[in-house]
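Quick note on labels: first sequence line is chain A, next is B, and so on, each numbered from 1. All heavy atoms count here, side chains included; hydrogens, waters and symmetry mates do not.
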Amino acid sequence: MNTEKSFPYSHIVGYLISLALTLATLLVAFKTALPKGTIMLILAAFAVAQAGLQLVMFMHMTEGEDRDSKVVHTIYAIFMAAVIVFGSIWVLTAGHPIY
Amino acid sequence: MESKLVKYPVPTEYQSEQGKLNILGFWIFIAAEIALFATLFAVYGVLHPRTANGPSGAEIFVIKDVVIQTLLLLTSSFTAGLVIHQMRQGSVKGLVTWFVITLLLGGGFLFMEIREFIHYVEVGAALQVSAFTSSLLTTLGTHGAHVTLGLIWGICLIIQMLQRGITPKTASKVHIWGIYWHFLDVVWIFIFTFIYVGGLI
Amino acid sequence: MDIKWDKILVTGDPLILASQIAIVLTMIGIVVGLTYFKKWGYLWREWLTSVDHKRIGIMYMIMGVLMFFRGGVDGLMMKAQTAVPENTFLDAQHYNEVFTTHGVIMILFMAMPMLIGIMNIVVPLQIGARDVAFPQMNLLSFWLTFAGALLFNISFVVGGSPDAGWTSYFPLAGKEFTPGIGNNYYMVAIQIAGFGTLMTGINFIVTILKLRAPGMTLMKMPMFTWTTLITSLIIVIAFPIFTIALLLGALDRIYGAHFFTVSAGGLDMLWANLFWLWAHPEVYIVILPAFGIYSEIVATFTKKRLYGYTSMVLAIVIISVLSMLVWVHHFYTMGVGPAVNSVFSITTAAIAIPTGVKIFNWLFTMRKGRIEFTQPMMWTLAFIPTFTIGGVTGVMLGMAATDFQYHNTLFLVGHFHYALIPGVVYAVFAAIYYWWPKVFGFKLSERIGKWHFWLFNIGFNLTFFPFYLLGLMGAARRMYTYSAESGFFPLYFISAVGAFIMAAGFVAFAYNIYWSTRYAKRTTANDPWGNTRTLEWATATPVPHYNFAVIPEVRDVDAYWDMKKNGDKYLTLEPKDIKPIHLPNNSGQPFYMGMMAFLAGLFLVFELKVLFYIFAALFFAGMIYRSFDYDEGYYVPVEEIIEKERTWRDDSKWKAN
């Protein structure tokens with residue numbers, strides 16, 4: 001009943017995608033003439049995609065009888081992480097002339 | 001060993017009750033780590049323009065070395081995935097082989113990072129120089145300390161694997177270590193994107 | 001760096017000298033007593049290394065009561081100082097240290113250990129589990145909390161206490177303005193205790209998610225278990241934020257970094273931001289379990305099911321999310337602008353809605369109920385109106401525009417004492433009276449309890465209501481004295497009188513424990529209150545170390561009430577149903593880890609970095625030791641279980657033969 005194949009196709013695919021995303025990050029950042037804000041948005045999307053890939057393909061988040069607990073709790077943590085990062089930056093830079 | 005594993009419908013690491021508890025518990029801990037690194041990113045986000053009389057990121061980052069570090073860590077994350085894959089195939093030999101390769105890659109990353117820190121101190125970007133250097137080195141250092149812990153932990157697990165083979169208890173330990181190692185790669189992706197590449201644009 | 005080693009022992013103050021002598025005498029007394037009665041082995045085997053969640057809970061409670069005493073003495077000293085104008089009982093520096101340690105100790109080393117202690121004792125029993133998910137980590141949590149508390153408490157005799165307030169705002173808390181080592185204690189001691197708390201949070205999430213008795217779905221969990229789960233979820237997100245804040249503070253102070261210092265680009269308000277990102281959720285971490293305690297008690301002593309269970313669950317979930325979204329209301333006066341202040345005013349006001357829902361749920365539970373005026377219920381009844389005053393003044397403070405008037409006045413101090421004392425301290429007292437017979441096999445005296453209740457309640461209102469008025473008159477917080485012309489004297493004096501009445505209430509409580517331990521009637525009845533509803537009352541009293549002879553099945557929110565009404569095979573168990581029970585072994589590793597953390601912390605406080613690195617390495621060596629530990633625990637034999645079950649199952653089947 002071992003469900004995993006003996007050759008690790010999914011791992012190799014995941015690895016190749018992550019390499020491609022890293023390369024794409026570098027290309028978008030240094031070989032395009034887009035405005036900085038646009039570049040950062042694209043890079044953020046790449047980073048999130050790569051993080052999601054690690055979570056699902058390598059970290060086995062979506063397996064086992066506790067998958068719902070793991071997924072819900074991780075999403076909760078990611079939401080709170082966004083609150084911490086964007087909240088802090090907003091509160092501490094809005095109205096400050098250093099920016 | 002192979003035939004024994006085939007009887008079970010679930011991977012070895014989920015076969016004991018305590019193993020399942022430990023794996024869930026570690027996922028909860030990962031959430032705490034997400035909050036921890038999020039706080040560091042928030043601090044960096046606020047402080048990075050505050051370079052005072054010190055250098056800015058663009059002046060001190062060496063993109064070639066950063067790309068090498070990234071490739072080392074990405075590859076080690078891939079080989080760490082193969083460790084779990086070999087474990088589920090029931091192969092202690094394959095598991096240990098990939099485990100050693102993973103730790104070597106991780107050690108290479110750490111070597112690069114130490115060199116990077118020495119470089120920063122040499123170019124006048126030590127911890128005490130400005131709010132920017134403080135937050136940069138603390139963020140990188142926290143990640144590096146996690147990698148160091150992961151290396152020591154991995155060595156302990158290789159010894160236990162050689163002593164005891166793949167049992168529900170050792171398997172759940174290796175699985176948990178794998179989650180940790182991949183998570184460090186996730187953190188690095190954000191460091192790479194927002195601190196290095198973002199700082200150099 | 002620039003530590004004056006010859007002045008390291010704090011001298012010159014008669015109050016501190018007296019406590020130094022008292023500490024030395026107490027320690028000699030404890031050592032001599034333990035040696036004389038040959039109790040060292042007992043203490044080590046049965047308590048310090050015990051992984052039994054009930055024992056760990058009791059150790060947390062003892063620590064909490066001791067810290068309550070310490071923090072209470074701090075409070076009394078402040079009240080004595082401000083009782084009359086221009087008083088010289090404490091000087092400004094000493095007053096600063098006292099209000100700082102009072103705040104830190106009451107929140108982190110009194111409220112948290114008390115509530116975590118109650119969670120430890122009650123939650124595994126309420127969900128029908130044998131222990132928590134990670135028993136040894138649970139003991140490690142305790143020892144780290146203890147190590148942090150110990151480190152923080154020795155500060156006033158060795159090296160000087162932190163003196164920048166419990167909020168420890170930079171730049172005041174930085175090396176430039178407080179060059180002594182006092183604030184190093186703050187950064188290091190709380191860090192150590194915080195690791196323990198984080199582990200407790202993880203432990204309880206997994207325990208509650210995975211170890212519930214069969215049939216107990218999430219929506220059949222007792223309310224205290226629900227609040228513990230939500231509290232743990234908040235802990236897991238909030239404490240890492242503080243971990244980083246304290247790390248950065250320590251790097252600033254000890255390693256010369258520039259996060260919060262004003263020079264070299266540091267941003268002092270970043271500390272305030274990170275501190276309140278943790279500290280506001282922290283308020284809910286201590287208050288939600290208290291809400292759970294009141295919910296259990298209200299249902300038991302009105303003999304009715306808790307009103308609006310689903311809305312109660314929804315309310316705590318909403319509170320937990322909102323708790324992370326309101327932190328800026330603590331520093332509106334930073335003046336970041338109308339957009340930020342408006343958003344945080346709205347989220348703050350929104351919290352009042354779910355909290356109001358809970359108040360009405362408790363009131364409706366009592367409606368048409370047959371209320372029994374026992375001690376736990378009395379504290380619950382006193383909580384509702386006083387906490388509402390605290391909550392309403394909180395809404396006043398929560399509006400950014402008006403907050404500019406109240407900020408840093410005693411009005412604010414009045415508000416949070418009205419929220420935290422009824423919200424946490426009353427709940428802890430109620431919980432102690434309520435669960436005491438389950439743990440120790442006798443009730444605390446109702447008669448002495450009434451003295452405790454009335455003295456404490458009258459004292460509390462007398463102490464803190466004047467704070468509101470003083471604040472509106474313009475009295476600022478943290479001022480060590482005031483002039484006679486200010487007109488503050490009468491209210492300050494009333495407040496001081498109230499504080500001593502409150503202290504008398506605490507003495508009555510301590511006397512109650514002493515008196516009841518000696519003279520109260522012993523019972524082995526599993527349900528000493530007679531009307532209890534949840535699973536912890538379904539097993540023997542005092543609770544055996546294996547908790548339940550067999551794991552019961554749950555059909556209802558009020559699992560035990562349902563068993564009593566409809567009958568259950570758990571209640572009619574026979575000796576032949578008993579099987580050996582697997583339990584974890586005791587371990588000395590957590591104690592070792594706690595002591596190494598304490599020593600590493602101590603050396604870091606004194607900036608002896610090499611010694612710090614050595615003991616930090618020894619701490620990690622304990623983790624490696626644990627990695628190679630394959631202890632599988634032991635089985636409780638059937639005979640031992642039968643022996644214990646006979647004490648309360650008065651069924652002919654269980655008669656000894």
Side-chain angles (χ1 to χ4, degrees), chain A residues 1-8 10-12 14-16 18-19 21-23 25-26 28-30 36 39-40 43-44 46-48 50-55 57-61 63-66 69-71 73-74 76-78 80-89 91-93 98-99, chain B residues 2 5-11 13-14 20-21 23-24 27-28 30-35 37-39 41-43 45-47 49-50 63 67 70-71 74-75 77-82 84-86 88-90 175 178-183 185-187 189-190 192-194 197-198 200-201:
Chain A
M1 279 289 287
N2 200 329
T3 49
E4 297 220 0
K5 297 189 180 60
S6 57
F7 190 75
S10 67
H11 288 86
I12 290 171
Y15 180 51
L16 291 177
S18 64
L19 284 179
L21 283 168
T22 307
L23 189 68
T25 300
L26 290 168
V28 171
F30 300 120
K36 180 165 180 180
I39 291 180
M40 286 318 288
L43 295 197
F46 286 167
V48 169
Q50 219 182 131
L53 183 119
Q54 292 274 341
L55 281 170
M57 292 185 85
F58 287 168
M59 289 169 81
H60 310 277
M61 180 170 72
E63 69 174 30
E65 63 183 51
D66 300 314
S69 303
K70 293 194 271 192
V71 172
H73 196 264
T74 307
Y76 159 72
I78 291 169
M80 288 304 178
V83 169
I84 294 167
V85 175
F86 298 114
S88 298
I89 294 176
V91 167
L92 291 170
T93 59
I98 188 160
Y99 289 84
Chain B
E2 296 272 344
L5 280 175
V6 173
K7 274 192 280 178
Y8 293 105
V10 288
E13 56 262 44
Y14 296 111
K20 282 188 275 190
L21 294 181
I23 290 172
L24 179 61
W27 273 98
I28 310 292
I30 288 292
E33 290 275 56
I34 290 174
F37 280 103
T39 311
F41 281 113
V43 169
V46 172
L47 295 182
R50 296 171 169 264
I63 190 68
V67 172
T70 307
L71 291 178
L74 270 183
T75 311
S77 184
F78 165 62
T79 56
L82 295 183
I84 308 298
H85 180 78
Q86 290 292 337
R88 292 185 177 179
Q89 301 294 315
H175 182 99
I179 297 170
Y180 180 78
W181 197 258
H182 294 304
F183 176 74
D185 193 40
V186 173
V187 174
I189 291 163
F190 285 94
F192 171 71
T193 307
F194 292 101
V197 178
L200 283 168
I201 293 173

Please determine, among Ala77(A), Ser88(A), Gly14(A), the option with the most heavy-atom pairs under 4.5 Å with chain B. Ala77(A)

Which heavy atom of Trp27(B) sits nearest a heavy atom of Thr74(A), and at what distance? CE3-OG1, 3.7 Å

Which heavy atom of Ser69(A) sits nearest a heavy atom of Leu24(B), and at what distance? CB-CD1, 3.9 Å

Is it the side chain or the backbone of Thr70(B) that comes within 4.5 Å of chain A heavy atoms, both, or neither? side chain

List the atom of Ala38(B), the atom of Val85(A), and the distance in Å for their closest heavy-atom pair. O-CG2, 3.3 Å

So Val67(B) and Leu26(A), do their side chains get closer than 4.5 Å, heavy atoms only? yes

Rounded distance [0.5 Å steps], CD in Gln89(B) versus CZ in Phe7(A): 11.5 Å

Tyr15(A)-Thr75(B) side chain donor-acceptor pair, cut-off 3.5 Å: yes

Leu71(B) and Leu19(A) have their tightest heavy-atom pair at CD2-CD2, 3.6 Å

Can you confirm whether Glu65(A) sits close enough to Tyr14(B) that some side-chain heavy atom of one is under 4.5 Å from a side-chain heavy atom of the other? no

Okay, Phe192(B) and chain A: the region with an atom under 4.5 Å from a heavy atom over there is side chain

Flag the pair Gln54(A) / Leu74(B) as yes when at least one side-chain heavy-atom distance between them is below 4.5 Å, and no otherwise. yes

Segment of Ile39(A) engaging chain B (4.5 angstrom heavy-atom cut-off): side chain

What part of Ile63(B) is in contact with chain A, defined as an atom under 4.5 angstrom from a non-hydrogen atom: side chain, backbone, both or neither? side chain

Nearest 0.5 Å please: distance from the CD1 atom of Ile23(B) over to the CD atom of Glu63(A). 8.0 Å

Counting heavy-atom pairs under 4.5 angstrom with chain A, the leader among Ala35(B), Gly178(B), Ser77(B) is Ser77(B)

With rounding to the nearest 0.5 Å, note down the distance linking NE2 in His60(A) to CD in Glu13(B). 7.0 Å

Could you grab the distance from atom CD1 of Ile30(B) to atom NE2 of His73(A), nearest 0.5 Å is fine? 11.5 Å

Test item: Val197(B) and Phe30(A) side chains (from C-beta on) under 4.5 Å apart, heavy atoms: yes

For Met59(A) and Ile179(B), which heavy atoms make the closest approach, and how far apart are they? CE-O, 3.5 Å

Give the member of Met57(A), Met40(A), Met80(A) that has the highest number of heavy-atom pairs under 4.5 Å with chain B. Met40(A)

Heavy-atom side-chain proximity of Ile189(B) to Leu21(A) below 4.5 angstrom: no

Heaviest contributor of heavy-atom pairs below 4.5 Å to chain B, chosen from Gly52(A), Ala47(A), Ala51(A), is Ala47(A)

Heavy-atom proximity to chain B below 4.5 Å, by part of Ala82(A): neither

State, to 0.1 Å, how close Ile84(A) and Ala42(B) come at their nearest heavy-atom pair, and which atoms those are. O-CB, 3.8 Å

Side chain to side chain, Ile84(B) and His11(A), heavy atoms closer than 4.5 Å: no

